[in-house]
There are 2 protein chains.
Amino acid sequence: MNRRSIIRLSKYKNTLQRLKAMGFVKVFSDNLADALGIRSTQVRKDFSQFKITGNKRGGYIIDELLEKILRILGKTSIQRVVLVGIGNIGRALLHYKGFENEGIEIDSAFDINPDKQTGRDDISVYPMEQLVGYIQKEKIEVAVIAVPDIAAQRVFDLLLQAGIKGVLNFAPIRLRGPEQIPVTNVNLVLEIENLFCFVNAKKEE
Amino acid sequence: MNRRSIIRLSKYKNTLQRLKAMGFVKVFSDNLADALGIRSTQVRKDFSQFKITGNKRGGYIIDELLEKILRILGKTSIQRVVLVGIGNIGRALLHYKGFENEGIEIDSAFDINPDKQTGRDDISVYPMEQLVGYIQKEKIEVAVIAVPDIAAQRVFDLLLQAGIKGVLNFAPIRLRGPEQIPVTNVNLVLEIENLFCFVNAKKEE
DNA sequence: TTTATATTGTGAATAATATCACATAATAAA
DNA sequence: TTTATTATGTGATATTATTCACAATATAAA
Ligand SMILES: NC(=O)c1ccc[n+]([C@@H]2O[C@H](COP(=O)([O-])OP(=O)(O)OC[C@H]3O[C@@H](n4cnc5c(N)ncnc54)[C@H](O)[C@@H]3O)[C@@H](O)[C@H]2O)c1
Ligand SMILES: NC(=O)c1ccc[n+]([C@@H]2O[C@H](COP(=O)([O-])OP(=O)(O)OC[C@H]3O[C@@H](n4cnc5c(N)ncnc54)[C@H](O)[C@@H]3O)[C@@H](O)[C@H]2O)c1
């Protein structure tokens, strides 16, 4: 039920899909642990938490395990998101094939300048005025914010007004909103700074 | 000393820079805590860990605090990184002004296809053959991997061979290498899946 | 000056997360 | 069959991170 165990579920899913593609039928908690670089007890503890059971001495049937995990992750239907901001990051996301392969669909894009090209004719670009209505009409639950930091809070407020349920935010600011709406921040400057800090710390040892 | 407290240090730094720009001179642990959405004891505990002290009842002098944090983060000189892979993500990074503003410089870029345009004439693009030599000659310590997942491990091996000290990896795979070289993974599919999982969990409550 | 107040700094308590240890059961071997 | 072996599943334990509680003390007010 905690963030970390859900992140691991996603990783188990990826590993299982790869194993399945390679023709494997069974898997042991040890194999999954190796793939993720963790202990096998962690794998079984996670499964235990989500009421996933395997076979004593027999490991897990990949197909069954995968199906259970996909259901927990809500991967039984296409996961639609809207993208707000078609700049550098927004366009990179629009061109990425990996989302589609994993059942995630960028449904539509919004920008203050709706003349911006997406480079994909299957994705419409709308002006910001239509954001709230569109999300409500299409029952979109998750949005990606890829606008400049000064605009991000305003966009978030609109999304909340539209009833969005979760947000992935690339702007390097803390978005303020109701506790129960999860916001995941991707802050690349922070990550790079963090790396340098570790690198420097290693040198002093 | 742990990842989380260093991440918070970066956030304190950002907040302090904003406060400084607004003309503030002093700050209390409460202010920083509010800005980050954490408790003030956490702020003081972090500072305590890094031997940062303030003034009883007087808070902290922003300039002094900022300087101490910048030194801990290794922000006393430009932090140079190389970028490997000039595709969707790579180009987005190349066009981002935020790195420069924070003292991070994309020194140069490498691609299997060095004819790719960066859109910036101050950043050279080199073929992969020159990666190892360049990193060694220029003493680059951190690299960003933005190549397709199948190529990522090969690129990582080259970087290790060149003596790289830390890596930011966008490819959705676990890079295998020596324990002591930190690798930060940015996995956007994972983050979005995670959001949906939370959103679904909320609905069942 | 003295007293009240506000804020830091940190050891102790608590909470969250991961690991261990081992009972349990399924399968394979004897 | 019976016994040995190999995984799972989970309560107990250890580790890590956060919060609490409060002493110490600098500043402001009386
Ligand atoms: N590009 C990167 O590599 C990178 C790295 C780290 C963080 N970020 C962050 O990601 C965000 C986007 O970065 P970018 O480089 O793509 O920026 P960008 O300037 O290239 O694109 C921003 C887009 O948002 C649109 N926009 C501006 N104001 C808007 C508003 N109020 N409503 C809707 N749309 C609006 C603009 O028209 C533009 O298309 C920024 O917050 C940035 O700090 C980007
Ligand atoms: N674009 C996104 O929004 C996005 C989102 C999530 C994850 N990712 C991941 O980021 C990575 C890059 O994605 P992208 O969309 O930029 O890919 P891309 O295909 O647009 O670009 C990849 C670049 O790497 C270069 N390349 C290929 N093989 C190489 C090699 N062996 N050595 C050096 N360069 C090589 C290619 O020439 C190309 O320029 C991928 O691993 C992808 O899964 C991207």
Side-chain angles (χ1 to χ4, degrees), chain A residues 1-12 15-16 19 24-69 72 174 179 182 190 194 197-198 201, chain B residues 1-12 15-16 19 24-69 72 174 179 182 190 194 197-198 201:
Chain A
M1 289 296 211
N2 69 87
R3 226 187 98 85
R4 288 155 159 274
S5 63
I6 292 175
I7 290 273
R8 284 193 297 269
L9 273 195
S10 268
K11 293 183 182 175
Y12 299 144
T15 307
L16 290 168
L19 289 173
F24 287 96
V25 174
K26 280 199 321 188
V27 69
F28 301 114
S29 57
D30 254 355
N31 308 139
L32 291 171
D34 277 353
L36 270 73
I38 58 178
R39 306 302 173 87
S40 66
T41 48
Q42 179 75 82
V43 175
R44 297 199 298 277
K45 196 71 167 190
D46 285 338
F47 289 175
S48 173
Q49 227 101 57
F50 289 107
K51 307 260 185 295
I52 293 173
T53 62
N55 315 292
K56 287 258 161 66
R57 202 193 155 137
Y60 306 81
I61 306 294
I62 289 178
D63 274 334
E64 294 176 6
L65 182 54
L66 200 46
E67 204 201 293
K68 283 173 189 161
I69 291 178
I72 293 166
R174 185 164 81 97
E179 188 94 337
L190 219 71
N194 190 248
C197 195
F198 268 95
Chain B
M1 296 289 213
N2 68 90
R3 227 187 97 83
R4 287 156 159 274
S5 62
I6 293 175
I7 289 273
R8 284 193 298 268
L9 273 196
S10 267
K11 293 182 182 175
Y12 300 144
T15 307
L16 290 168
L19 290 174
F24 288 96
V25 173
K26 278 199 325 186
V27 70
F28 301 118
S29 56
D30 252 355
N31 308 141
L32 291 171
D34 277 353
L36 270 72
I38 59 179
R39 305 304 174 84
S40 67
T41 48
Q42 180 76 83
V43 176
R44 296 199 299 277
K45 196 70 164 188
D46 286 338
F47 289 176
S48 172
Q49 225 102 56
F50 289 107
K51 307 256 183 300
I52 293 173
T53 63
N55 315 292
K56 287 255 160 72
R57 203 192 154 141
Y60 306 81
I61 306 294
I62 290 180
D63 273 335
E64 293 175 8
L65 182 53
L66 200 46
E67 203 201 293
K68 282 173 189 162
I69 291 179
I72 293 166
R174 183 164 81 95
E179 189 92 341
L190 220 70
N194 192 247
C197 196
F198 267 95

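Chain naming here is simple, since letters A, B, ... match the order of the sequence lines and numbering starts at 1 in each.
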- Item | Distance-only side-chain donor-acceptor flag, B:Ser40 / B:Arg44, under 3.5 Å | yes
- Item | Check: B:Phe28 main-chain N/O paired with B:Asn31 side-chain donor or acceptor under 3.5 Å | yes
- Item | Under 3.5 Å: donor-acceptor pair, side chain of A:Arg174, backbone of B:Ala35 | yes
- Note on the structure: Per side-chain contact (heavy atoms from CB on, under 4.5 Å), B:Val27 is matched among B:Ile61, B:Leu65, B:Leu66, B:Thr15 by B:Leu65
- Drop me the distance from A:Asn194's CG to B:Ile7's CD1, to the nearest 0.5 angstrom. 4.0 Å
- On a heavy-atom basis, the closest approach of B:Ile62 and B:Leu16 is CG2-O, 3.9 Å
- Query: Along DNA chain D, 5' to 3', what are the outermost nucleotides having an atom less than 4.0 Å from a heavy atom of chain B?
  - Reply: D:dA17 to D:dA28
- Message: Please evaluate residues B:Tyr12 and B:Ile52 with respect to the criterion side chain to side chain contact (heavy atoms under 4.5 Å, CB included), reporting the C-alpha separation (whole Å), side-chain torsions for both, the decisive distance (0.1 Å), and the verdict.
- Response: CA-CA 13 Å; B:Tyr12 300 144; B:Ile52 293 173; over 6 Å; no
- Item | Shortest non-hydrogen contact between A:Ser29 and A:Val43, atoms and distance | O-CG2, 3.8 Å
- When you measure from every atom of DNA chain C, which of residues 25-35 of chain B have a heavy atom less than 4.0 Å away? B:Phe28, B:Ser29
- Message: Among B:Arg4, B:Lys11, B:Arg8, which residue satisfies the salt bridge (charged side-chain N to carboxylate O under 4.0 Å, His left out) criterion with B:Asp46?
- Response: B:Arg8
- Message: If I take atom CZ from residue A:Phe47 and atom NZ from residue A:Lys68, how far apart are they, to the nearest 0.5 angstrom?
- Response: 9.5 Å
- Item | Qualifying side chain to side chain donor-acceptor pair (under 3.5 Å) pairs with a residue from residues 49-63 of chain A, counting only residues at least two apart or across chains | A:Lys20-A:Asp63
- Bend across the helix from C:dT1-D:dA30 to C:dA30-D:dT1, to 10°, with axes taken over 5 pairs at each end? 10°
- Query: Which ones in residues 49-65 of chain A lie close to DNA chain C, meaning a heavy atom under 4.0 Å from one of its atoms?
  - Reply: A:Lys56, A:Arg57
Please tabulate, one pair per line, each protein N/O and nucleotide N/O from nucleotides 17-21 of chain C that are separated by under 3.5 Å, including the distance.
residue	atom	partner	partner atom	Å
C:dA18	OP1	A:Arg4	NH1	2.9
C:dA18	OP1	A:Arg8	NH1	3.4
C:dA18	OP2	A:Arg8	NH1	3.4
C:dA18	OP2	A:Arg8	NH2	3.2
C:dA18	O5'	A:Gln42	OE1	3.4
C:dC20	OP2	A:Arg39	NH1	3.2

- How long is the span from the SG atom in A:Cys197 to the CG atom in B:Leu9, to the nearest 0.5 Å? 7.0 Å
- Please examine the side chains of A:Gln42 and A:Ile38, heavy atoms only from C-beta on, and report whether any two atoms are closer than 4.5 Å. yes
- Item | Audit row: B:Arg3, A:Phe198, side chain to side chain contact (heavy atoms under 4.5 Å, CB included) steps and yes/no | CA-CA 8 Å; B:Arg3 227 187 97 83; A:Phe198 268 95; 3.6 Å; yes
